[in-house]
Amino acid sequence: MDLLLNKDFMQQFLSPIWLSLKIATLSSVAVIIIGTLAGRFLARKPFKGKAIFETILMLPMVLPPTVVGFFLIVVFGRNSMIGQAIEWIFKQPIIFTWWAAVIASIVVAFPLMYQSAKSGFQGVSLDIEEAARIDGANEWRIFLFISIPLASRALISGSILSFARALGEFGATLMFAGNIPGKTQTIPTAIYIAIDSGNMKMAWMWVIAIVVISFLML
Amino acid sequence: MDLLLNKDFMQQFLSPIWLSLKIATLSSVAVIIIGTLAGRFLARKPFKGKAIFETILMLPMVLPPTVVGFFLIVVFGRNSMIGQAIEWIFKQPIIFTWWAAVIASIVVAFPLMYQSAKSGFQGVSLDIEEAARIDGANEWRIFLFISIPLASRALISGSILSFARALGEFGATLMFAGNIPGKTQTIPTAIYIAIDSGNMKMAWMWVIAIVVISFLML
Amino acid sequence: MADLKLQHIYKNYNKNVLAVKDFNLDIKDREFIVLVGPSGCGKSTILRLVAGLEDLSQGDIIIEGKRMNDVAPKDRDIAFVFQNYALYPHMNVYHNMAFGLKSRKFPKDEIDRRVKEATQVLGLEEYMNRKPKALSGGQRQRVALGRAIVRDAKIFLMDEPLSNLDAKLRAQMRTEIIKLHQRLQTTTIYVTHDQTEAMTMATRLVVMNNGVIQQVGAPEEIYEKPENVFVGSFIGSPAMNFFTGILSKGKMHIGDVSIVLPERTNQSLHEQGYANKEITLGIRPEDFRDEFAFIATSSGSIIDAKVEVKELLGAETLIYSQIAGQPFIARLDARSDIKQEQILPLAMDMNKVHFFDCKTENRISLDGE
Amino acid sequence: MADLKLQHIYKNYNKNVLAVKDFNLDIKDREFIVLVGPSGCGKSTILRLVAGLEDLSQGDIIIEGKRMNDVAPKDRDIAFVFQNYALYPHMNVYHNMAFGLKSRKFPKDEIDRRVKEATQVLGLEEYMNRKPKALSGGQRQRVALGRAIVRDAKIFLMDEPLSNLDAKLRAQMRTEIIKLHQRLQTTTIYVTHDQTEAMTMATRLVVMNNGVIQQVGAPEEIYEKPENVFVGSFIGSPAMNFFTGILSKGKMHIGDVSIVLPERTNQSLHEQGYANKEITLGIRPEDFRDEFAFIATSSGSIIDAKVEVKELLGAETLIYSQIAGQPFIARLDARSDIKQEQILPLAMDMNKVHFFDCKTENRISLDGE
């Protein structure tokens with residue numbers, strides 16, 4: 001009980017939690033919006049190279065997290081075009097910032113949302129969309145009032161999965177955003193460090209915290 | 001080219017690859033067998049507490065890998081009953097051995113196999129199994145000649161997913177099996193260490209190796 | 001080739017839903033029994049109980065004198081034809097038929113002989129190596145029949161086997177199944193909701209509703225003497241027409257229309273206490289007559305029907321009209337001179353009308369019967 | 001309420017599959033056109049082309065004089081009733097009907113008025129707040145109709161709207177749709193594979209096969225004078241029977257059976273060069289007669305039919321038999337005295353037989369026609 005009242009300790013305990021929540025929320029909002037739009041667009045439209053395009057989108061789900069982290073470092077690193085552009089705009093590299101953690105979470109969570117959204121939209125009977133089209137609705141109205149409500153179960157489960165994946169992201173984040181306490185240390189990395197340094201008490205507290213957050217989501 | 005001819009270097013490069021393949025193969029064989037049986041058994045039989053039982057089975061898919069690693073350490077650690085039993089039988093603790101990596105891979109890959117197998121078996125029309133039952137086949141014959149062939153697509157895709165997941169496992173393995181070169185260092189942990197120590201050349205080679213293995217699987 | 005007794009069978013899926021209630025039926029060797037009724041009437045449940053795919057809640061199933069309640073499906077020696085065929089999709093036609101025999105460890109040449117014989121009977125020789133996906137609906141149905149035939153089982157159970165076929169093919173397969181039964185003489189229970197199949201195939205027909213048997217008998221008997229309003233309306237297409245009216249002074253008054261009853265009918269109804277009471281009259285669409293000669297001699301049973309809708313069905317015409325707000329359909333020979341809204345005099349054939357109690361909806365037996 | 005012209009319409013899905021070929025049809029205001037044909041004949045494709053759900057490969061669609069080829073579905077002012085209803089599952093009955101009006105920005109009270117009126121016409125008032133899942137098949141069908149009605153569109157398109165209902169409900173909804181058309185008088189194209197619907201509903205019938213129109217005409221006309229073998233066999237149930245034989249010396253020889261042709265028929269066939277050639281005779285099941293009086297006066301067209309299967313269908317009996325290996329079905333009045341295997345003398349009504357060219361399968365016009 002003493003510990004809980006200790007201000008420094010609380011600071012140390014809560015900081016990864018707030019950071020995790022912030023990163024997971026931000027990245028899953030982005031993933032939900034992009035994933036829903038991409039899922040709807042690609043659910044029905046066939047085009048050349050669709051299979052290859054989809055395979056690339058899905059890769060982060062199959063590849064080991066450290067490989068994802070490796071590619072993030074290569075793509076956003078100081079030697080790449082993108083990395084240099086970012087450094088020029090923001091006056092600092094993105095690697096080892098919490099924005100890097102957001103990007104890592106987006107990349108690993110996106111396939112989950114995209115897949116859920118796509119199968120959700122594919123599950124909407126084509127007839128029903130055609131009926132709405134003949135009924136005088138434009139494409140935007142169909143998307144908003146027909147497709148989204150009918151795919152809502154898949155969209156919600158995709159959103160939850162994405163949030164959970166973003167919250168639990170470890171490997172790619174560790175490599176791309178690092179493990180800087182108060183700056184890029186999330187719950188999963190904090191647990192790793194706590195165990196590594198033999199601090200079982202802190203590890204238990206963070207594990208309980210993340211399990212509680214996971215249950216609150218469901 | 002010099003490097004490839006250097007025996008020590010080859011040893012250092014190949015060792016995580018062999019270990020990764022050994023661990024992934026062993027764990028996915030176990031996962032495929034247990035997952036198929038569990039999927040078939042739970043696909044049709046309703047029983048009390050089935051939902052809770054299934055949630056526990058699926059947890060490793062939702063929880064962050066470091067939390068899975070944490071629980072593995074708690075369950076198999078030197079202070080637990082299981083850990084003490086293992087230590088008494090094998091005269092050494094399981095933690096930081098390659099068997100620990102196998103167990104970590106099994107735990108994270110099992111939900112994928114189970115889910116695929118279950119939905120595959122649920123997709124087999126009940127009528128067809130009933131037809132076989134009336135046709136004089138016993139349950140074992142039905143499982144072997146009707147259910148498995150008809151669920152084969154789901155079983156194969158579940159097996160591939162499980163193998164990929166086992167091969168790419170990083171967080172839980174890092175915590176439970178450690179990162180001991182030549183003993184528990186797999187490709188994902190090797191990449192992490194290579195990047196961490198700035199050895200981009202080695203990192204690239206391992207990344208290429210794991211991408212090649214992944215493509216060979218498909 | 002066996003007799004089958006179903007004794008006091010009950011089946012409930014949970015405490016509240018009673019799927020089958022006190023079902024009793026003795027099926028003789030070689031009979032072709034058709035169970036017919038609307039969906040949810042419990043007819044398929046009976047079949048699944050006999051097959052052993054579901055457990056009885058109460059009662060006994062006895063095949064050739066042996067109680068089968070606790071015998072596993074594979075040991076009951078029955079064959080089942082499923083509504084959706086339930087072929088093994090990964091096996092070709094040959095192996096679909098052979099699977100049951102292999103499971104029962106028949107020698108290889110015996111399996112071969114039986115499958116070849118069945119494919120010949122069913123005209124499937126050319127398709128031996130095809131998988132179900134590569135067959136038409138009618139061919140799949142034949143394979144499903146073949147799988148039952150090769151087994152040479154004691155009893156065939158068929159669960160709406162033709163309902164997934166189109167109308168033409170259904171008529172053709174109906175005939176093939178009848179011929180097959182004439183040839184094999186296997187005791188068969190056939191379930192359908194289609195009353196044409198019921199009428200044409202059955203040696204005995206069992207009409208069910210809400211889990212309870214309504215009537216058992218030869219098809220002609222059930223068509224000509226339905227035991228209650230449900231049977232009358234379910235068997236026959238278009239359905240039997242019903243009019244509710246009051247019996248008084250030898251006439252039945254339906255709104256402001258009065259129908260004179262034959263003397264004996266009237267007397268019998270009076271004796272049974274229906275005088276001045278509500279009563280239901282049933283008449284089949286084809287028992288309305290529009291021929292001049294018939295109308296001239298049936299002055300007491302003429303109604304002036306206003307034609308609301310006319311349907312020309314090739315060889316015959318259906319007229320939709322009503323008496324005092326009670327709608328009916330009359331079936332006349334094809335006549336293209338009938339016009340919408342026209343008043344058409346129709347005579348009821350009073351030898352072919354049926355009477356039912358208004359409350360119980362049961363048939364009222366008349367003296368002549 | 002509009003006329004519709006379909007001119008030289010072609011549709012191919014890829015280079016090899018031609019779904020519709022040179023389809024021409026002028027539909028007048030208020031007509032109820034039924035497109036009928038086996039599955040895959042292109043009838044649904046026509047409907048989807050008119051609706052704008054698919055693009056034409058060639059040809060023009062003209063509604064009230066305006067070319068519609070490139071107009072979006074929502075701007076064509078048509079209503080479509082889908083086979084599976086395609087109701088919006090997450091909306092209640094009211095909102096299902098109101099959605100189209102809302103999309104077109106109708107004022108709220110006008111929407112209310114129209115939906116209420118439609119629900120009254122269709123008897124759906126009680127179900128206003130139910131979602132489609134909580135409705136029966138027939139009610140869903142009514143909501144789908146309602147969605148079309150409220151729009152007050154120029155043209156109704158209906159794609160096998162009754163095929164998911166059971167037989168009784170189908171007959172009932174058939175009548176309701178006919179009444180609805182009599183009331184609203186909206187130009188309608190109705191697609192079905194069911195020839196009963198085709199015969200009873202159409203003001204004009206279009207019979208299609210393999211993407212090509214086979215015959216256009218009033219239902220009676222098509223029933224009585226089918227243009228070719230396909231139309232004869234597709235319209236009518238059981239199907240028209242066909243016999244192939246050789247014409248010689250005023251008789252048609254089918255195997256060892258000879259049928260004497262009426263003098264004028266024979267002369268006309270000779271004049272058209274069919275003497276001593278193969279020719280196809282078509283006769284409908286109901287044009288076989290077993291009445292004694294008829295047989296006595298038709299000595300030239302009597303066949304001795306061995307009864308292979310007898311089907312008692314309530315008001316009538318179907319007899320399955322064959323002439324020289326060519327099977328046929330005869331439809332007689334209900335007679336329970338006919339036995340399996342019995343030899344039954346049947347007369348063909350020679351005023352009602354049809355002749356077709358053996359190769360082209362087209363109808364041979366006789367002098368009398």
Side-chain angles (χ1 to χ4, degrees), chain A residues 16 20 24 55 58-74 77 79 95 112 160-161 163-176 178-179 186-196 198 200 202-204 206-211 213-215 217-218, chain B residues 20 24 55 58-74 77 79 95 112 160-161 163-176 178-179 186-196 198 200 202-211 213-215 217-218:
Chain A
S20 267
T55 309
M58 302 311 286
L59 269 183
M61 215 159 89
V62 184
L63 289 176
T66 51
V67 174
V68 175
F70 171 80
F71 281 122
L72 285 174
I73 289 172
V74 170
N79 298 326
I95 193 165
L112 291 170
I160 291 173
L161 278 176
F163 185 81
R165 185 72 184 80
L167 194 66
E169 168 45 33
F170 172 63
T173 307
L174 185 61
M175 289 173 71
F176 188 40
N179 179 28
T186 59
I187 306 179
T189 46
I191 292 171
Y192 169 61
I193 295 299
I195 294 275
D196 214 37
M200 281 303 273
M202 283 300 274
W204 263 115
W206 279 316
V207 164
I208 290 168
I210 205 162
V211 169
I213 294 171
S214 303
F215 270 97
M217 253 162 28
L218 304 176
Chain B
S20 265
T55 308
M58 301 312 284
L59 269 183
M61 216 158 86
V62 184
L63 289 176
T66 51
V67 173
V68 175
F70 172 82
F71 281 122
L72 285 173
I73 290 171
V74 170
N79 299 326
I95 193 164
L112 290 170
I160 291 173
L161 277 177
F163 185 82
R165 184 73 183 81
L167 194 67
E169 168 44 32
F170 172 63
T173 307
L174 184 63
M175 288 173 70
F176 188 40
N179 179 28
T186 59
I187 306 178
T189 46
I191 291 172
Y192 170 62
I193 295 298
I195 293 275
D196 214 35
M200 280 303 273
M202 284 299 276
W204 265 114
M205 287 178 66
W206 278 317
V207 164
I208 290 167
I210 204 162
V211 169
I213 294 171
S214 302
F215 270 97
M217 255 162 25
L218 302 178

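Within every chain, numbering begins at 1; the chains are lettered A, B, ... in the order of the sequence lines, protein sequences first and strands thereafter.
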- Message: Is any side-chain heavy atom of B:V211 closer than 4.5 Å to one of A:L63?
- Response: yes
- With only heavy atoms counted, which part of B:W206 is less than 4.5 Å from chain A, the side chain, the backbone, both or neither? neither
- Message: Tell me the closest heavy-atom pair linking B:F170 and A:P65, and the distance in Å.
- Response: CB-CG, 3.9 Å
- Query: Checking B:I73 against chain A: side chain, backbone, both or neither under 4.5 Å from a heavy atom?
  - Reply: side chain
- Task: Could you pull out the closest heavy-atom pair between B:P64 and A:I210, with the gap in Å?
- Result: CG-CD1, 3.2 Å
- Can you list the residues that meet the ring pair (Phe, Tyr, Trp, His ring centres under 6.0 Å) rule with A:F176, with sequence neighbours excluded? A:F76
- Partners of A:T173 by side chain to side chain donor-acceptor pair (under 3.5 Å), sequence neighbours excluded? A:E169
- Residue, of B:L59, B:I187, B:L174, B:L167, that accumulates the most heavy atom pairs under 4.5 Å with chain A: B:L174
